[in-house]
There are 2 protein chains.
Amino acid sequence: MANLKQLAQSLGLSITTVSRALDGYSDVSAATRERVREAAEKAGYRPNASARRLRKQRAELVAVTLPADPGHIGPPHFLDMLSGCAEHLAAFGLNLVIAPVPRGESELEICRRFVDGRRVDAMLLVRTKRRDERVEFLQSRGIPFVTNGRTESPAPHPYIDGDGFAGFRSATLRFHAAGHRRIGHIAGPQEYYFAHVRRMGWQAAMEECGLAPDLCSEGAPTEQGGYMAALELLRQPSRPTALVCATDEMAIGALRALREVEGGYQISIIGHDDLPMGAFTSPPLSTMRMTGENLGASFATLLLRAIAGEPAEQLQELHAIEFVDRDSHRRPPVAA
Amino acid sequence: MANLKQLAQSLGLSITTVSRALDGYSDVSAATRERVREAAEKAGYRPNASARRLRKQRAELVAVTLPADPGHIGPPHFLDMLSGCAEHLAAFGLNLVIAPVPRGESELEICRRFVDGRRVDAMLLVRTKRRDERVEFLQSRGIPFVTNGRTESPAPHPYIDGDGFAGFRSATLRFHAAGHRRIGHIAGPQEYYFAHVRRMGWQAAMEECGLAPDLCSEGAPTEQGGYMAALELLRQPSRPTALVCATDEMAIGALRALREVEGGYQISIIGHDDLPMGAFTSPPLSTMRMTGENLGASFATLLLRAIAGEPAEQLQELHAIEFVDRDSHRRPPVAA
DNA sequence: CTTGACTCCCAAAACGTTTTGGAGAATCCT
DNA sequence: AGGATTCTCCAAAACGTTTTGGGAGTCAAG
């Protein structure tokens, strides 16, 4: 309600003194400090955020860009993540603003608007591409940022990512150990880093086992994309006995394809993300997920450290992938 | 990058003129206006947001509080809603900041922080209670806001809500028409408006049919809460042949309870929310959902109109509930 | 008595924008 | 020609805070 000026006037003090008293500076006597604090409390005084931001040259805001593409947002608990991140940031005086991409605008323009308008102190990027123009822009501007997912940018930048390569490699090896020899991969769009690295993991495992990595089909990272890609693999003369899918959403689409094809129910399948609904599919969907808890807080910590100026190399987290054992990966290795 | 002052200097104009030229005022000649615009474009000039906000006495921000309680956030597409809302707001120069509730703090304190610190021009509230202290606070401060869900506040306020009463009443009547006579209700916490009004809808239908509304059990709005509540109803001497559940999450918990009880698979069930995973349960969960598309944009529009000063009475949307026909409501009306 | 250190306070500047209230020149009307 | 009107432009104020650079006053040491 009140103003610093009004508060000072009512106390017979200068604006300076009141401001410094509230900030706990030592050059105001303990008695005055207490008096000021009480008055501020009683008046319900809160400093005007815009004024402080202008003066301190800090926006006290962090933006997260939400991709509007199909395929939703990757992680299932994305909102929880955002919420955790915002909560952690708030403890340090930062608020999280969400920056959706309006129709007809690029994510780059959003970044530009936020950064050049001094609207934010840092940014959080999700769904990175292998070559990500947002990353390049932010690096050129020198503004702190953290990505969810790596990129192939030559300059290092802070990120949190799951080790998709290792996860998909070991999932493939698991199928091989179970006797599978025709292991297919349902890949996401290869411009996305996560999709590419998952495919590389599958491919590496295949080659390690002396198998040709040719049963691969790419689709949109959606239920429909997985469905189409699976159908294509099932049309092959020698169709796969097991499928490693880039995402759970795609895996669920693939399950639908399997149901529509003779003997399809005999094909093993595994996804990635641990979507809640995976527990309800038939068969229940085996999957993988990134380890680590309270991811939101991790993002927030990295953002704060990036703002504090820590070098990017110290702000990179690669999390292990863990296997979620349900039932869909347990089909016999030999197709009908 | 650049400053209004620097830009003016480089053009040999005053700050005033540059500012007015960019804002398209008529008291700067077309030639100058164009010259300024070009220079601004070339310099990549964006007005400093904090400065403008301070001067215009507007925060250009809207906050949405995220409840941290169990039971998640009600609607399944909540993130999509937020995204749509943010996108629509952005078209009018407003950004959406998310305000999670830190542990140990009340939602009221959050509101206070945002409102009294002049951090926002308006607020968006979700998960209203019948008597909601946030609503009372915001009304007392006279700051514009819109709620997702009604309240029992004596003074009207803008809201968007589904007509839970009608939805649950007609779901109950549908069961009655199908021959059911023992229709139970799994209720959410009655302090929430949505939970209360849904129970009232069920109760009204029961009384219309001349049935006693005694098969009701309340639980937390979670899978576990629904499970527990269902078990309690199933322990009754004369157990229900159909269940109307306050939320899909609770309904899924109830389904689990039904599986664990002899003859439980014969009991009909319906939920509310249209969670994606409802399509995958067995049996697939019949449910209801609020009609209306691009809810986020509706919220944004209401917020903008509230900020513009329209009276609350004109800013209330009650949406019809539509039935989503899957399979779980089609069990025989007579229990084993 | 002078000096220096210390304590407590304050006036003024600064942050970058928008807006107010004109000023000077040109144009129009009579 | 004289006055009114229009067209361009600008200096200065304002928004509310934080920070800079002291300024009195007190006290102890020299």
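A note on names: the letters A, B, ... follow the listed sequences, proteins ahead of strands, and every chain is numbered from 1. What's counted below: heavy atoms across the whole structure, side chains too, no hydrogens, waters or symmetry copies.
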Closest non-hydrogen contact found for L124(A) with V62(A) is N-CG1, 4.5 Å
Regarding R127(A) and the six-membered ring of Y192(A), is the cationic atom NZ or CZ under 6.0 Å from the ring centre and inside 45° of its axis? yes
Mark yes or no: R20(A) above the aromatic ring of Y25(A), with NZ or CZ under 6.0 Å from the six-membered ring centre and no more than 45 degrees from the axis. yes
Among dC10(D), dA11(C), dC8(C), the one nearest any side-chain atom of L13(B) is dC10(D)
With a 4.5 Å cut-off on side-chain heavy atoms, are [Y] and [X] touching?
{"X": "Y45(B)", "Y": "L4(B)", "value": "yes"}
{"X": "V120(A)", "Y": "F145(A)", "value": "no"}
{"X": "R37(B)", "Y": "E34(B)", "value": "yes"}

Short side-chain N/O contact from T17(A) to OP1 or OP2 of dC9(C), under 4.0 Å: no
Phosphate-side-chain proximity, S26(A) and dT7(C), N/O vs OP1/OP2 below 4.0 Å: no
Take atom CG of D27(A) and atom P of dG21(D), then tell me their distance rounded to the nearest Å. 14 Å
Treating primed atoms plus P, OP1 and OP2 as sugar-phosphate and everything else as base, which nucleotides of nucleotides 13-20 of chain D get B, S or - for protein heavy atoms under 4.0 Å? BBBBBBBB
Given the options E136(A), Q139(A), R130(A), S153(A) meets side chain to side chain donor-acceptor pair (under 3.5 Å) only with Q139(A)
Reference residue H157(A); test side chain to side chain donor-acceptor pair (under 3.5 Å); the match among T128(A), D132(A), T151(A): T151(A)
How bent is the helix from dC1(C)-dG30(D) to dT30(C)-dA1(D), measuring the angle between the end axes built from five pairs each, rounded to 10°? 60°
